[in-house]
Amino acid sequence: MDIFETNRETHKKTAPLAARMRPSDLDGWVGQKHIIGKNTLLYRAIKADRLASLVLYGPPGTGKTTLARIIANATKSVFTQINATSAGIKDIQKAISDAKAALELYAKRTILFIDEIHRFNKTQQDALLPFVEDGTLVLIGATTENPYFEVNKALVSRSMIFELFPLARGEILTLLKRALNDEVKGLGYLPIKASDDALDFLSDRANGDARAAFNALELAALTTEPGTNGQIMIDLEVASACIQKRTLFFDKNGDNHYDTISAFIKSMRGSDPDAALYYLARMIYAGEDPKFIARRIVICAAEDVGNADPHALLVAQAAAHAVEFIGLPEGRIPLAQAVIYIACAPKSNATNDAIVEAMRDVENIQIKSLPPYLRDPGFGNTLGHGEGYKYAHDYPGHYVRQQYLPDEVKDRIYYRPSENGVEKKIKESLDKVRTPRN
């Protein structure tokens with residue numbers, strides 16, 4: 001064994017536990033049975049070495065890179081890997097050139113694995129397209145972002161998309177036990193024991209991220225002093241210190257960010273304060289900007305509650321001001337107050353529908369002029385502007401029938417109050433004074 005082989009072996013032993021415990025074949029795979037269980041399409045394709053281009057999409061620690069490594073070990077094709085965070089167009093061109101050579105000289109196709117493929121810009125992704133299309137390359141892309149938004153549409157259309165989900169608690173537990181017992185790649189070479197409570201805690205707090213669970217277990221193993229019997233004991237207290245906070249995948253610019261805020265808004269709109277509070281807590285826990293949350297609450301108050309309860313907008317605005325004034329963590333209280341108020345308030349989207357309809361008419365209908373009696377008479381007016389205007393306060397009930405809309409849209413009704421909350425009273429009042437229109 002030369003010095004280079006020795007160094008490689010040393011690196012394997014000092015690599016993070018998560019890297020060491022990656023299975024080398026499908027027999028060691030845990031989880032994602034919906035795409036890689038026995039007799040699934042992907043399982044059969046890997047076994048038969050008949051892969052087409054594919055994109056693996058899912059949060060960190062769910063097995064995207066591990067699956068690519070298994071494919072690398074199983075295939076007779078040339079397997080090349082690049083990482084989009086550090087690679088550039090020259091790396092892509094070299095991979096394409098090598099793939100052409102392998103095909104021409106050895107009749108071997110090339111599988112190109114691109115980790116974090118969403119990091120490539122449009123030009124870099126476009127460079128791959130002709131060679132994926134003509135079969136020079138079989139592309140495997142891995143991404144934490146929704147490929148339908150972040151990956152070239154032409155590449156997506158030529159690839160199968162496989163979504164990986166956070167691992168189940170039991171699956172994480174299986175992996176941790178495997179690491180504790182494996183004397184070659186895992187921690188089995190140490191005199192170590194972990195309590196069931198500790199392993200259950202780590203499996204739960206990892207939140208489906210195998211890498212986070214492995215990292216916490218390794219930290220616990222390497223920082224815990226052996227007891228008087230020489231054994232390293234990982235109990236619940238030790239485990240709690242190594243993974244104090246639940247791991248959440250929440251990229252503020254990514255797909256999960258939009259999924260969570262979408263669930264948050266839909267829960268308030270759907271009058272479920274408990275669900276809305278959960279998503280609020282999730283965003284705060286993950287470090288979302290409280291001002292962004294406050295803005296969404298204000299929008300929901302206007303769009304989904306509207307005049308069914310006009311106070312909702314005031315509560316939302318007050319919460320936005322409060323969180324800017326006092327910050328977190330105390331700012332979560334006024335945010336929660338606003339969320340609960342809006343979720344429990346009667347709902348109406350009549351205001352939103354009204355302005356959307358009015359904006360559509362402004363865009364599509366040409367108005368020749370406003371009614372002359374509504375126009376500003378100005379100083380020294382000789383054009384008749386303002387003449388014939390009926391001043392509402394001069395009439396009984398402070399109301400008089402009068403056409404206010406331009407002739408081209410004079411029969412339009414934009415605001416249609418609902419029967420909910422305050423809007424029911426608004427509707428009753430409006431029905432009495434509104435000029436009948438077609």
Side-chain angles (χ1 to χ4, degrees), residues 258 261-262 264-271 291-292 294-321 338 341-438:
Y258 293 107
I261 198 66
S262 174
F264 175 58
I265 294 297
K266 288 171 181 172
S267 298
M268 284 193 290
R269 180 185 299 140
S271 300
K291 288 185 286 187
F292 171 80
R295 286 195 294 271
R296 301 310 303 177
I297 294 172
V298 170
I299 292 168
C300 187
E303 183 178 4
D304 296 306
V305 177
N307 285 333
D309 185 348
H311 289 105
L313 184 57
L314 301 178
V315 172
Q317 286 179 310
H321 174 72
Y341 190 99
I342 290 166
C344 295
K347 302 298 189 295
S348 171
N349 64 345
T351 301
N352 179 63
D353 290 349
I355 188 61
V356 168
E357 235 180 288
M359 292 292 291
R360 190 182 302 126
D361 278 357
V362 168
E363 182 178 356
N364 297 324
I365 298 176
Q366 183 179 357
I367 303 298
K368 292 180 180 177
S369 68
L370 304 182
Y373 49 86
L374 295 182
R375 299 175 72 176
D376 180 20
F379 181 74
N381 171 48
T382 58
L383 300 175
H385 292 179
E387 291 181 9
Y389 169 63
K390 299 174 183 177
Y391 186 59
H393 298 297
D394 288 342
Y395 294 85
H398 300 262
Y399 171 76
V400 60
R401 288 188 184 278
Q402 186 171 216
Q403 179 185 325
Y404 291 96
L405 281 168
D407 288 339
E408 292 84 353
V409 291
K410 65 184 178 66
D411 295 324
R412 287 288 198 272
I413 292 178
Y414 298 116
Y415 180 48
R416 299 175 179 85
S418 71
E419 296 285 344
N420 294 336
V422 176
E423 266 197 336
K424 185 175 183 179
K425 293 182 179 179
I426 294 175
K427 184 176 185 300
E428 292 171 356
S429 175
L430 197 53
D431 286 344
K432 293 177 182 177
V433 301
R434 183 170 260 167
T435 304
R437 300 174 193 169
N438 297 329

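This one's a predicted model, so the numbers in the text were calculated from it and none came from an experiment.
One finds the CG atom of Leu430 at 15.5 Å from the NZ atom of Lys425 (value rounded to the nearest 0.5 Å). The structure places OH of Tyr404 at 14.0 Å from CG of Leu370, a figure rounded to the nearest 0.5 Å. Taking CE of Met268 as the reference point, atom NZ of Lys347 lies at 9.0 Å (rounded to 0.5 Å). Remark: Met359 CE to Tyr414 OH distance equals 11.5 Å, nearest 0.5 Å. Taking CG of Asp431 as the reference point, atom CD1 of Ile426 lies at 11.5 Å (rounded to 0.5 Å). Summarising the geometry, atom CG belonging to Leu405 is positioned 9.0 Å from atom CG belonging to Asp411; distances are rounded to the nearest 0.5 Å.
Heavy-atom minimum distance, Ala302 versus Thr351: O-CB, 4.4 Å. Closest approach of Val400 and Ala392 over heavy atoms only: CG1-CA, 4.2 Å. In plain terms, the two heavy atoms of Ala316 and Ala338 that are nearest each other are CA-CB, 4.3 Å. Contact between Pro406 and Ser369 at its shortest, heavy atoms only, is CB-O, 4.1 Å. The minimum heavy-atom distance between Leu374 and Gln403, with the atom names listed, is CD1-O, 4.2 Å. Minimum interatomic distance between Ala308 and Ser348 (heavy atoms only, all atoms of both residues): CB-CB, 3.8 Å.
A heavy-atom distance below 4.5 Å is not found between the side chains of Tyr341 and Val305. A heavy-atom distance below 4.5 Å is found between the side chains of Asn307 and Pro310. Within the 4.5 Å cutoff, side-chain heavy atoms of Ile297 are placed close to those of Ile342. Within the 4.5 Å cutoff, the side chain of Asp361 has heavy atoms near those of the Arg412 side chain. Residues Asp353 and Arg416 are not in side-chain contact: their nearest non-hydrogen atoms beyond the backbone lie 4.5 Å or more apart.
Without hydrogens or angle criteria, Gln402 side chain to Tyr389 main chain gives no donor-acceptor distance under 3.5 Å.
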### Task
Please test Lys427 against Glu419 for salt bridge (Lys or Arg N to Asp or Glu O under 4.0 Å), starting from the C-alpha separation and ending with a verdict.
CA-CA 7 Å; Lys427 184 176 185 300; Glu419 296 285 344; 3.7 Å; yes
### Task
Check the pair Lys368, Glu408 against side-chain contact (heavy atoms from CB on, under 4.5 Å), reporting the backbone distance first and the verdict last.
CA-CA 8 Å; Lys368 292 180 180 177; Glu408 292 84 353; 3.5 Å; yes
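A search for ring pair (Phe, Tyr, Trp, His ring centres under 6.0 Å) contacts involving Tyr391 returns His393, not counting sequence neighbours.
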